[in-house]
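Shown next, in structure tokens, is the structure this report addresses.
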Amino acid sequence: MERVYSAHSLLVSEVSSVAKRVLSECGIEASAELVVERAPPERGDLTVNVYRLARDEKKAVELAAQLSEALARGARLVGAARSEGGFVNIEVNPDTYGRLVWKVVSEMGEKYGFNPHPRPLRILVEHTSANPVHPLHVGHLRNCVVGDALARILRARGHSVEVHFYVDDVGLQMSYAAYGFEKVKGLKRDVKPDHFIGLVYAVTNAVVNIRALQKKREHANPDERARIDRELSDWLWVAKELMERDEELFAAIAEAAKSEDPLERIYAINRAYEAGEKWAVSLVREVAERCIEGFKQTLDRLGVAFDSWDWESEVTVWNGLTAEVLRRLRESGFLREDKGALVFEADRLAEDPEVRRRLAIPASFSVTSLVLVRSDGTTLYATRDIAYSVWKFRRGVDKVINVVGAQQALEQAHVRLALYAMGYVREAENMVHFAYEMVTLPGTKMSGRRGRFVSADELIEEAVRRAGEELAKRGLDPAENREIAEKVGIGAVKFAMLSVSPSRPLTFTWERVLDFERNSGPFVQYAYVRARSVLRKAGSLKPEVAEGAFGSEERKLLFLLGYFPEVVARAADELKVELLPQYLNELALAFNKYYDEVPILKAEPEEKARARLALTLMVAVTLENGMRLLGIEPPSRM
RNA sequence: GGGCCCGUGGCCUAGCAUGGAAAGGCGCCGGCCUGCGGAGCCGGAGAACCCGGGUUCAAGUCCCGGCGGGCCCGCCA
């Protein structure tokens, strides 16, 4: 007998088969149009829209009546079916369906929700990939939290998933940080290493930009001068802020930049690093490693792990892959030279509607050509990203999902087009840009180069602090407080970031991210803790579901519990992480209501108490598994 | 100038793929602690779904044209 992962899918197939029988009796051959979906609250559990089957109003109403009668009579798992207008609203039978759900949940236990896809894939997920020159900020946090949950959900769908972090160690931003670092590495500061590097990076940017702008100003015409002055005053403000943060460090870098041309040195570091010269490698690597050490501290605290850290230098430059990509692109005939630079004619390739269709590039999306090699012979970020994509697929994966900001939509399309041009058609078709919108800070614009951002660490710390305060208010044992505050605070942040759809820009405010009420991480955790508390108090009472033990008061919860594997499947197949937090909130809400309405342990007769205990156990298991899929830790008390 | 995303009660968000019954939360008003944990529960007020056309028996959802906000457009990453 085949393993059952989802009671819901059995329910739906039962409803469909009864419905199809009625339809064919009526001479309607429209099984493809038959959709069984969730009913709006207060109308039942499932609904069939009959308008889609019979376009005619009168016929639809008639057919709905026939269908509901057949379902109420002929479907074992259905308790009630009513026709309302052109809809058939269905309620599950709490007895038969409840016993089925109990069977599935108790068999699956901590794996409940695991719902394997008929054709599992090998999937590579890349996420976060912050440049190793400053700490993770709230924008990276959104990327990180969403990417991590996505990977977990895909695994629960039976896919084999590897999670990668792309360490962007090639490029000018790295050399800026390295330049500043050279001047101040002797300074001892009592901060996380990534915060130290972030400050060095911002100071270097300020010092170098101010110097460059002042030089440019000398030979500028009045129009340009006005523009330069505006930019200059912006950077002078930044410099002032940074000086206030660390006067000694600022002075050290500013002094050094007076006696030499810093840009010359920065470019030299960049060239030497790409060429793999030892001195540059050890300098740049020290900066990047320190920064990544800080990232890892933050990620550990968040419970986010990576299977692989891919250094751009290693996987694209030093191994010759970027050069190979350029050769193949040249052979493709889509490369041209323009003023000494090499340009990929992505626009020309994108004129073919068939190519667009295969690469999921809409007909109206405007594609530009892309410079791959500067006139001085050095490569650009996108060039190396193409090589990285080739590298990813050479690991033997079926699909690559890049969790990357929506601003990079054009760049991501460029990479797919380049893969296609090189003949990597399957790869190009299976590279997905999972886009998320920016996190904005009201008032200012976040900028790593300017050292202006709310770091992930600050946010986490504040969340944990507030959670600790709440816990103390409730008289929680201080010995336990710290550990639980960690789970609750971080849970709140994750839930807040996961429950809005990634396509929507997120305005960061403390009160929003640190919401502990309904529709929040702590709300779900609280419902879980209550359920656990009941289970602890059960004593010798054993969870068990006898025939007829579940009644109408359990119906809604049973339906929701059975629905969980379906949510996991949809979240994975449609890449919609936000379905999970929405579902968990709904389940928590339903359990809280149930908890308020009926006695569980004191229910009479004992058979009912045992069934309600089983229900409580299922709620706890489902909430726990759901939270884990989001990377949220379930606390035992709070 | 071209393109992408977003626009839903005072505020935040779901629903748009596959058209059919506007769903949650915050805030506001009023109730519920002698019960298994009140970070809870129940009730109420509050929405011309950005605007204008079109398709349709039916549009928040599809199409066209606007408006507002964010982002992107060859030698940054």
Side-chain angles (χ1 to χ4, degrees), chain A residues 32-33 35 37 39-43 47 49-52 55-57 60 84-87 89 131 133 168 170-174 338-344 346-347 362 364-376 378-382 384-385 405-411 413-414 435 437-438 440 448-449 467 470-471 473-474 488 499-501 503-507 509 511-512 515-520 522-527 529-538 574 578-579 582 585-586 588-589 592-603 612-613 616 637-638:
Chain A
E33 297 272 345
V35 180
E37 54 198 345
E42 309 310 318
R43 288 199 187 263
T47 192
N49 180 345
V50 184
Y51 287 111
R52 288 186 194 159
R55 305 264 156 196
D56 181 80
E57 171 91 35
E84 296 176 60
F87 294 91
N89 292 321
N131 291 341
V133 290
D168 195 2
V170 182
L172 282 177
Q173 87 285 347
M174 205 60 240
D338 190 6
K339 292 172 216 145
L342 279 181
V343 180
F344 169 48
D347 47 344
S364 55
F365 189 90
S366 116
V367 174
T368 60
S369 61
L370 172 72
V371 173
L372 292 178
V373 182
R374 294 186 186 96
S375 15
D376 72 356
T378 57
T379 59
L380 285 106
Y381 171 80
R384 299 186 297 268
D385 202 19
Q407 5 17 320
Q408 304 218 44
L410 178 59
E411 193 268 350
H414 276 145
E437 276 292 342
M438 303 211 311
T440 55
R449 286 174 64 204
E470 287 293 318
L471 289 167
K473 247 193 254 171
R474 285 152 224 274
V488 174
S499 51
V500 285
S501 134
S503 67
R504 199 182 266 268
L506 189 75
T507 304
T509 60
E511 58 171 10
R512 179 167 171 180
D515 174 17
F516 289 3
E517 296 185 57
R518 272 192 265 199
N519 212 344
S520 76
F523 176 75
V524 173
Q525 288 172 322
Y526 181 71
V529 165
R530 274 178 142 183
R532 277 281 163 233
S533 172
V534 173
L535 292 165
R536 259 200 308 275
K537 295 215 161 105
E574 296 168 28
E578 63 274 24
L579 297 179
Q582 281 160 22
N585 185 58
E586 201 182 346
L589 222 39
N592 279 335
K593 185 177 162 71
Y594 180 76
Y595 180 93
D596 253 44
E597 277 172 358
V598 308
I600 298 169
L601 299 176
K602 289 174 194 148
R612 289 181 174 176
L613 189 65
T616 306
R637 263 174 244 280
M638 66 190 277

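Since the model is a prediction, treat every value here as computed from it, not as a measurement. Here is how names work: the chains are called A, B, and so on, in the same order as the sequence lines, proteins then strands, and each is numbered from 1. All values below come from the heavy atoms of this structure, side chains included, with hydrogens, waters and symmetry mates left out.
- Regarding contacts with the backbone of B:rG37, a side-chain N or O of A:Tyr595 is found under 4.0 angstrom from either OP1 or OP2.
- Take the nearest nucleotide of RNA chain B for A:Asp515 and for A:Arg637: the residue whose nucleotide is more 5' is A:Asp515.
- B:rA47 and B:rA22 are spaced 14 Å apart, taking the P atom of each and rounding to whole Å.
- Within 4.0 Å of A:Ser364, counting heavy atoms only, lie sugar-phosphate atoms of the nucleic acid but no base atom.
- Across B:rC12 and B:rG7, the matching P atoms stand 12 Å from one another, rounded to whole Å.
- Taking atom C1' on both nucleotides, B:rG24 is separated from B:rC49 by 16 Å, rounded to a whole Å.
- Between B:rC36 and A:Arg532, no contact under 4.0 Å exists linking OP1 or OP2 to a side-chain N or O.
- Contact check, A:Lys537 against B:rG37: a side-chain N or O comes under 4.0 Å of OP1 or OP2.
- The nearest whole Å value for the distance from the NE2 atom in A:His414 to the C1' atom in B:rC75 is 13 Å.
- Counting heavy atoms from C-beta outward, A:His414 and A:Thr368 have side chains that approach closer than 4.5 Å.
- Rounded to whole Å, the P atom of B:rC16 lies 23 Å from the corresponding atom of B:rC11.
- Straight-line distance between the P atoms of B:rG46 and B:rG1: roughly 44 Å, to the nearest whole Å.
- Put simply, A:Phe87 rests on the base of B:rA21: the two rings are less than 5.5 Å apart at their centres and nearly parallel, under 30°.
- Using atom C1' as the reference point in both B:rU61 and B:rC50, the two lie 16 Å apart (nearest Å).
- Comparing B:rG66 with B:rC26, their C1' atoms sit 33 Å apart, to the nearest whole Å.
- Residue A:Arg530 places no side-chain N or O under 4.0 Å from the OP1 or OP2 atom of B:rG40.
- Dashed line: the shortest gap from a side-chain N or O of A:Arg449 to OP1 or OP2 of B:rA77 is not under 4.0 Å.
- Side-chain N/O atoms of A:Arg504 include one lying less than 4.0 angstrom from OP1 or OP2 on B:rA14.
- The residue among A:Ala588 and A:Glu578 whose nearest nucleotide of RNA chain B lies closer to the 5′ end is A:Glu578.
- A:Asn592 places its CG atom 14 Å from the C1' atom of B:rG25, with the value rounded to the nearest Å.
- Whole-Å rounding puts the A:Arg612 CZ to B:rG35 C1' distance at 14 Å.
- At the phosphate of B:rC41, neither OP1 nor OP2 sits under 4.0 Å from any side-chain N or O atom of A:Lys593.
- Between B:rG69 and B:rG74, the two P atoms lie 23 Å apart (nearest whole Å).
- Residue A:Arg474 has no polar side-chain atom (N or O) positioned under 4.0 Å from OP1 or OP2 of B:rG37.
- One finds a side-chain N or O of A:Tyr526 lying less than 4.0 angstrom from the OP1 or OP2 phosphate oxygen of B:rA39.
- Phosphate contact (OP1/OP2 of B:rA77, side-chain N/O of A:Arg374, threshold under 4.0 Å): present.
- Within the nucleic acid shown, A:Val367 has no heavy atom closer than 4.0 Å to any nucleic acid atom.
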